[in-house]
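Report on the structure given below.
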Amino acid sequence: MVTKLAFTMTMGLVFSKKQVVLKADHLKTDDEYTRICDKVFKVLGSKKQKYIWDRVDCVVQFGTKQIMIQQFARTTMPDGEQIKKQLELCNPNKILSRKNAGQELERVRPIDADDEAFMTAFKQLQSVVAESPSTFNLKDLDQAARDAGLNPRQPGMRQVNQFLEAKASFTLKSTLQRNLPDSPLLGLKWIGLTRIEEWNGYSIAQYFVGANQSLKPDIARAVTLRRLLPLSYGDKVVDEVFPELAAMMSVEFVRNGQYTVVPFPVKYLREYWLAEQREHPEYRWKRLPSDRS
């Protein structure tokens with residue numbers, strides 16, 4: 001059974017369904033539902049696998065452009081070693097000596113930096129260290145820096161912390177949760193497009209849906225990827241329509257403040273199908289003994 005959800009001009013929902021026989025001689029019927037099944041049948045490329053259709057989440061259509069979303073047995077994982085290193089650099093209980101910290105700041109201090117706010121904040125931090133006790137922990141240094149007006153949210157101090165994270169043995173605030181290109185949490189936040197596999201010389205697109213809020217680095221996470229397979233216009237259509245797909249997954253009213261892993265209308269389509277199965281028990285799929293082979 002193929003189910004469909006369409007939006008009217010006034011954003012009303014229109015549900016419909018049609019039974020399609022998934023056999024080559026039946027897929028030549030010229031109607032919308034059968035044409036979609038025929039395209040999916042050809043793109044899957046695994047016609048001998050009886051349950052390959054179970055991995056198809058949906059087909060989304062924008063005008064005449066159609067993209068199939070398929071479940072994919074790959075996940076994005078954080079770089080554990082890099083996370084551990086970054087957390088050690090800003091451990092609030094880390095003990096430093098005034099002499100060693102001062103010498104280290106002097107050693108890594110940039111000679112010529114064009115950013116005046118950065119250089120001013122760096123010199124202020126050197127002064128704070130010079131006025132600190134002979135030994136101190138990072139928590140105390142961070143508080144002393146804040147008391148001196150070095151707010152880690154301000155551009156100058158934010159750049160200093162990022163610089164120290166790359167050059168020194170300590171920093172007052174890690175960039176771990178910031179949305180940086182080299183972040184080890186990349187792929188665990190927001191919604192993004194990637195390409196990690198090829199088939200017949202073509203790159204196949206996948207997307208991930210991460211968290212929409214700051215991540216706690218001590219919580220283990222993995223984000224499952226999904227394939228985006230165009231049914232028309234070739235691979236270029238993926239980049240063209242992905243912003244619209246992402247917009248339909250970045251709503252927060254479906255999963256209690258979280259993004260959805262497929263476009264949100266799929267939720268209503270699934271609910272429609274469940275209601276149809278309750279009303280028509282004959283629609284419920286039952287595995288026959290011969291299907292287990």
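The chain is numbered in sequence order, starting from 1.
- A perpendicular orientation is assigned to the rings of Phe122 and Phe163, their planes being inclined by more than 60° (bins at 30° and 60°).
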Exercise. Take Tyr233 and Thr64, measure what side-chain contact (heavy atoms from CB on, under 4.5 Å) needs, and give me the verdict at the end.
Key: CA-CA 9 Å; Tyr233 295 97; Thr64 59; 2.7 Å; yes
Quiz item: Given the rule in the salt bridge (charged side-chain N to carboxylate O under 4.0 Å, His left out) test, do Asp38 and Lys42 qualify, once you have shown the distances and angles that lead to the verdict?
Solution: CA-CA 6 Å; Asp38 185 43; Lys42 292 174 180 176; 3.2 Å; yes
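- Side chain of Glu104 to backbone of Ser169: a donor-acceptor contact under 3.5 angstrom is found.
- Two residues are said to be in side-chain contact when any heavy atoms from C-beta on lie closer than 4.5 Å; Val59 and Lys39 fail this criterion.
- Counting heavy atoms from C-beta outward, Leu229 and Ile69 have side chains that stay 4.5 Å or more apart.
- Distance check: Met119 CE to Arg109 CZ gives 6.0 Å after rounding to the nearest 0.5 Å.
- Distance alone, capped at 3.5 Å, is enough to place a donor-acceptor pair between the Arg98 side chain and the Ser132 backbone.
- Between Phe170 atom CZ and Lys94 atom NZ the span is 9.0 Å, to the nearest 0.5 Å.
- Lys236 has no carboxylate O lying under 4.0 Å from a charged side-chain N of Glu240, or vice versa, which leaves the two without a salt bridge.
- When side chains are defined from C-beta on, Leu193 counts as touching Leu228, because their heavy atoms get closer than 4.5 Å.
- Here the SG-CG distance, from Cys58 to Leu5, works out to 10.5 Å after rounding to the nearest 0.5 Å.
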Practice problem: Decide side chain to side chain donor-acceptor pair (under 3.5 Å) for Gln143 and Asp147; before the verdict, give the C-alpha distance in whole Å, the side-chain angles of both, and the deciding distance to 0.1 Å. | Solution: CA-CA 6 Å; Gln143 186 58 55; Asp147 292 343; 3.0 Å; yes
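- Residues Val261 and Met249 share a closest heavy-atom pair of O-SD, 3.6 Å.
- You'll find the side chain of Leu172 reaches within 4.5 Å of the side chain of Met157, heavy atoms only.
- In this structure, CZ on Arg227 lies 5.5 Å from CZ on Arg55, to the nearest 0.5 angstrom.
- Side-chain contact between Cys90 and Glu165: absent, with no pair of heavy atoms (C-beta onward) separated by less than 4.5 Å.
- Side chain of Ser250 to backbone of Ala247: a donor-acceptor contact under 3.5 angstrom is found.
- Contact annotation: the side chain of Leu96 never approaches that of Asn100 to less than 4.5 Å [non-hydrogen atoms, C-beta and beyond].
- Ile67 and Phe7 end up in the same hydrophobic cluster when Ile, Leu, Val, Met, Phe, Trp and Tyr side chains are linked at under 4.5 Å.
- Counting only distance, with no hydrogens or angles, the side chain of Gln206 and the backbone of Ile196 share a donor-acceptor pair below 3.5 Å.
- Here CG of Leu89 is found 11.0 Å from CG of Asn161. Values are rounded to the nearest 0.5 Å.
- Nearest heavy atoms, Asp235 versus Ser203: OD1-O, 3.5 Å.
- Val266 and Met11 fall within a single hydrophobic cluster, where Ile, Leu, Val, Met, Phe, Trp and Tyr side chains are chained together by heavy-atom contacts under 4.5 Å.
- Considering all non-hydrogen atoms of both residues, Val160 and Leu125 come closest at CG1-CD2, 4.0 Å.
- Aromatic ring orientation, Tyr283 versus His280: tilted (interplanar angle from 30° to 60°).
- Taking the side chain as every heavy atom from C-beta outward, Gln66 and Ile36 approach each other to under 4.5 Å.
- Residues Phe15 and Leu269 are in side-chain contact: their nearest non-hydrogen atoms beyond the backbone lie under 4.5 Å apart.
- Glu131 contributes no side-chain N or O that, together with a main-chain N or O of Val129, makes up a donor-acceptor pair within less than 3.5 Å.
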Exercise. Output, in order, the C-alpha distance, side-chain angles, deciding distance and verdict of salt bridge (charged side-chain N to carboxylate O under 4.0 Å, His left out) for Glu88 and Lys85.
Key: CA-CA 5 Å; Glu88 288 175 347; Lys85 178 182 177 182; over 6 Å; no
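- Here the closest non-hydrogen pair linking Lys4 and Tyr33 is CB-CE2, 4.0 Å.
- Taking each heavy atom of Val237 and Pro230 in turn, the nearest pair found is CG1-CB, 3.4 Å.
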Quiz item: Is there a side-chain contact (heavy atoms from CB on, under 4.5 Å) between Leu225 and Tyr207 once you walk through the steps?
Solution: CA-CA 6 Å; Leu225 298 174; Tyr207 74 88; over 6 Å; no
Quiz item: After noting the C-alpha distance and the side-chain angles of Trp53 and Val40, does the key distance pass the side-chain contact (heavy atoms from CB on, under 4.5 Å) rule?
Solution: CA-CA 9 Å; Trp53 291 84; Val40 171; 3.5 Å; yes
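- Nearest heavy atom pair, residue Arg195 against residue Ala205, reads CG-CA, 3.7 Å.
- A donor-acceptor contact closer than 3.5 angstrom is absent between the side chains of Gln70 and Asp57.
- Distance OG1/Thr3 to OH/Tyr268: 15.5 Å, rounded to 0.5 Å.
- Cluster membership check: Met1 does not share its hydrophobic cluster with Val14, using side-chain heavy-atom separations under 4.5 Å among Ile, Leu, Val, Met, Phe, Trp and Tyr.
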